[in-house]
**Q** 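Below you'll find the structure I mean.
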Amino acid sequence: MRDVLSAVLMLTGVALALVAALGLVRFPDVFSRMHAATKPSTLGLLLITVGAAVRMREGGDAVALLLVAAFQFVTGPVAAHMIGRAAYRSGAGAQAGLVVDELADVSAPPA
Amino acid sequence: MTRRSGTAVLVAWLTLVWVGLWGSVTAANVLGGLAVALVLVRVLRPSPAGAPAVVSPPALLRFVLRFLVDLVVSSLQVARLAVGRRVELRSGIVSVQVPGASDTLLTVLADAITLTPGTLTVEVDASTATLYVHALDVGEGPEGVQRLRASLREQARAVVRAMGTAEARSHPTPLGRTGDRRREGQP
């Protein structure tokens with residue numbers, strides 16, 4: 001029973017990671033690619049760690065997995081934010097394609 | 001929280017993380033973690049986090065649950081877009097202001113926005129507590145932008161309710177009524 005639950009969780013997580021990779025390739029610009037790089041991969045990693053934790057017999061290892069998930073939640077969006085910001089500032093973000101750009105009104109965003 | 005006690009809490013937390021990563025509570029792990037934590041605090045000199053957050057457990061629980069649901073929804077949404085046929089997306093960058101928000105609160109909010117459906121924080125102006133958010137699809141015309149901004153404000157309110165500082169809670173301007181960037185929905 002545990003094995004089945006764990007397998008389902010981990011396979012779903014892996015599928016999400018695959019989808020994130022597909023999104024990275026298929027989305028048109030840096031910003032939308034960052035959407036693909038953050039959401040499904042974060043949830044995917046969460047499912048994989050939970051799936052692994054279900055099979056663990058020792059509590060200590062589950063704590064380590066919990067920390068892995070927690071750090072992903074904190075660091076993933078930060079990385080995406082920094083890449084998106086760098087892309088915007090360098091002009092590589094395909095700003096021209098945006099329907100609205102309220103950031104353009106603020107000519108020089110403070111560092 | 002004074003600077004001194006803040007550092008003590010940080011050292012305790014770092015030690016706990018260290019022990020958690022090793023997976024068992026032994027004297028060697030605790031002492032090793034303590035040593036690493038002390039060196040880190042000495043070398044990196046973390047800046048104080050500012051005004052203390054007022055954590056409201058029920059609001060925090062609601063925020064976390066809503067956040068998890070949002071994460072699932074946004075993952076499925078991105079999955080559909082990644083796998084399905086190419087669709088024309090009307091993406092844009094919208095600003096939202098969170099008056100009186102501390103750095104900590106802005107960080108949590110920016111993080112939450114990035115992990116929830118269709119939105120991604122690309123720029124932060126801490127001096128005016130303004131987040132610039134990229135949306136995969138802003139919808140049609142000015143109404144779309146306003147709807148998006150309204151939902152971002154709702155998210156900001158949820159974070160303030162969950163863990164806002166006293167200042168953010170009692171701020172005279174209700175979230176973002178004034179001082180928003182104009183140009184609503186101009187193409």
Side-chain angles (χ1 to χ4, degrees), chain A residues 15-16 18-32 34-44 46 58-64 66-68 70-71 73-74 76-78 80-85 87-89 93-95 97-106 109-110, chain B residues 17 19-25 68 71-72 74-83 86 89-95 107 110-128 130 132-139 142 144-145 148 180-187:
Chain A
L16 281 169
L18 176 66
V19 158
L22 276 176
L24 270 182
V25 177
R26 293 195 65 203
F27 283 176
D29 59 61
V30 182
F31 298 129
S32 32
M34 285 306 110
H35 286 271
T38 45
K39 294 156 217 210
S41 53
T42 302
L43 182 62
L46 181 70
E58 307 218 4
D61 298 329
V63 174
L66 187 77
L67 285 171
V68 169
F71 286 132
F73 271 87
V74 179
V78 174
H81 167 65
M82 291 316 285
I83 295 172
R85 181 166 100 143
Y88 191 93
R89 290 186 181 185
Q95 278 93 317
L98 298 175
V99 184
V100 208
D101 186 1
E102 294 178 353
L103 186 49
D105 302 353
V106 201
Chain B
V17 169
V19 173
L21 286 173
W22 281 101
S24 61
V25 186
L68 287 176
L71 180 62
V72 173
S74 64
S75 295
L76 294 178
Q77 183 195 44
V78 170
R80 209 179 53 226
L81 288 170
V83 178
R86 242 172 244 272
L89 287 175
R90 297 165 49 83
S91 23
I93 295 180
V94 171
S95 69
T107 310
D111 227 56
I113 285 174
T114 294
L115 292 174
T116 46
T119 51
L120 177 83
T121 314
V122 287
E123 185 71 82
V124 181
D125 183 353
S127 62
T128 58
T130 307
Y132 295 89
V133 177
H134 177 266
L136 267 183
D137 196 5
V138 292
V145 174
L148 178 66
D180 269 324
R181 313 279 170 203
R182 276 161 305 280
R183 277 186 69 190
E184 296 275 329
Q186 273 180 32

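Throughout, protein chains are lettered first and strands after them, A, B, ... in sequence-line order, and every chain is numbered starting at 1.
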**Q** May I ask you to name which of A:Ala36, A:Pro40, A:Ala80, A:Gly76 has the most heavy-atom pairs under 4.5 Å with chain B?
**A**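 The residue among A:Ala36, A:Pro40, A:Ala80, A:Gly76 with the greatest pair count is A:Pro40.
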**Q** What part of B:Val94 is in contact with chain A, defined as an atom under 4.5 angstrom from a non-hydrogen atom: side chain, backbone, both or neither?
**A**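 Both parts, heavy atoms under 4.5 Å.
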**Q** For A:Leu43, which atoms come within 4.5 Å of any heavy atom of chain B: side chain, backbone, both, or neither?
**A**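 Both the backbone and the side chain of A:Leu43 come within 4.5 Å of chain B.
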**Q** Tell me, do A:Phe31 and B:Leu136 make a side-chain contact under 4.5 Å, heavy atoms counted?
**A**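 No - every pair of side-chain heavy atoms lies 4.5 Å or more apart.
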**Q** Can you check whether A:His35 reaches B:Leu81 side chain to side chain, under 4.5 Å on heavy atoms?
**A**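 Not in contact.
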**Q** For B:Ser75, enumerate each residue passing the side-chain hydrogen bond (donor to acceptor under 3.5 Å, both in side chains) test, keeping only those at least two apart in sequence or located in another chain.
**A**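 Result, side-chain hydrogen bond (donor to acceptor under 3.5 Å, both in side chains) vs B:Ser75: none returned.
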**Q** Pick from B:Asp111, B:Leu120, B:Val124: which one makes a side-chain contact (heavy atoms from CB on, under 4.5 Å) with A:His81?
**A**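 Testing each of B:Asp111, B:Leu120, B:Val124 against A:His81, the sole residue satisfying side-chain contact (heavy atoms from CB on, under 4.5 Å) is B:Val124.
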**Q** If you compare all heavy atoms of A:Thr38 against all heavy atoms of B:Leu115, which two are closest, and at what distance to 0.1 Å?
**A**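 In this case the closest contact between A:Thr38 and B:Leu115 is O-CD2, 4.0 Å.
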**Q** Is the closest side-chain heavy-atom distance between A:Val63 and B:Trp22 below 4.5 Å?
**A**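 Result no, sub-4.5 Å side-chain heavy-atom pair not found.
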**Q** I need the minimum non-hydrogen distance between A:Val19 and B:Ala79, along with the two atoms involved.
**A**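 Reported closest heavy-atom pair: CG1-CA, 3.2 Å.
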**Q** Go through the structure and list residues passing side-chain hydrogen bond (donor to acceptor under 3.5 Å, both in side chains) with B:Thr107, not counting sequence neighbours.
**A**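 side-chain hydrogen bond (donor to acceptor under 3.5 Å, both in side chains) check on B:Thr107 returns nothing, list empty.
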**Q** Any side-chain to backbone donor/acceptor pair from A:Arg85 onto B:Glu123? Under 3.5 Å, distance only.
**A**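 Checked: no pair found.
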**Q** Determine the option with the most heavy-atom pairs under 4.5 angstrom with chain A, choosing from B:Ala110, B:Ser24, B:Gly118.
**A**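 Option with the greatest count: B:Gly118.
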**Q** Spell out, as yes or no, whether a donor-acceptor pair under 3.5 Å connects the side chain of A:Lys39 to the backbone of B:Thr116.
**A**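 Confirmed, A:Lys39 side chain pairs with B:Thr116 backbone.
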**Q** At a 4.5 Å cut-off on heavy atoms, which part of B:Val19 comes close to chain A: side chain, backbone, both, or neither?
**A**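 Neither part.
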**Q** Could you tell me the separation between the OG1 atom of B:Thr114 and the CZ atom of A:Phe73, rounded to the nearest 0.5 Å?
**A**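 Atom-to-atom, B:Thr114:OG1 and A:Phe73:CZ are 12.5 Å apart.
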**Q** So, applying side-chain contact (heavy atoms from CB on, under 4.5 Å) with A:Leu103, which one of B:Thr130, B:Asp125, B:Val133, B:Ile93 is it?
**A**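 The option that passes is B:Ile93.
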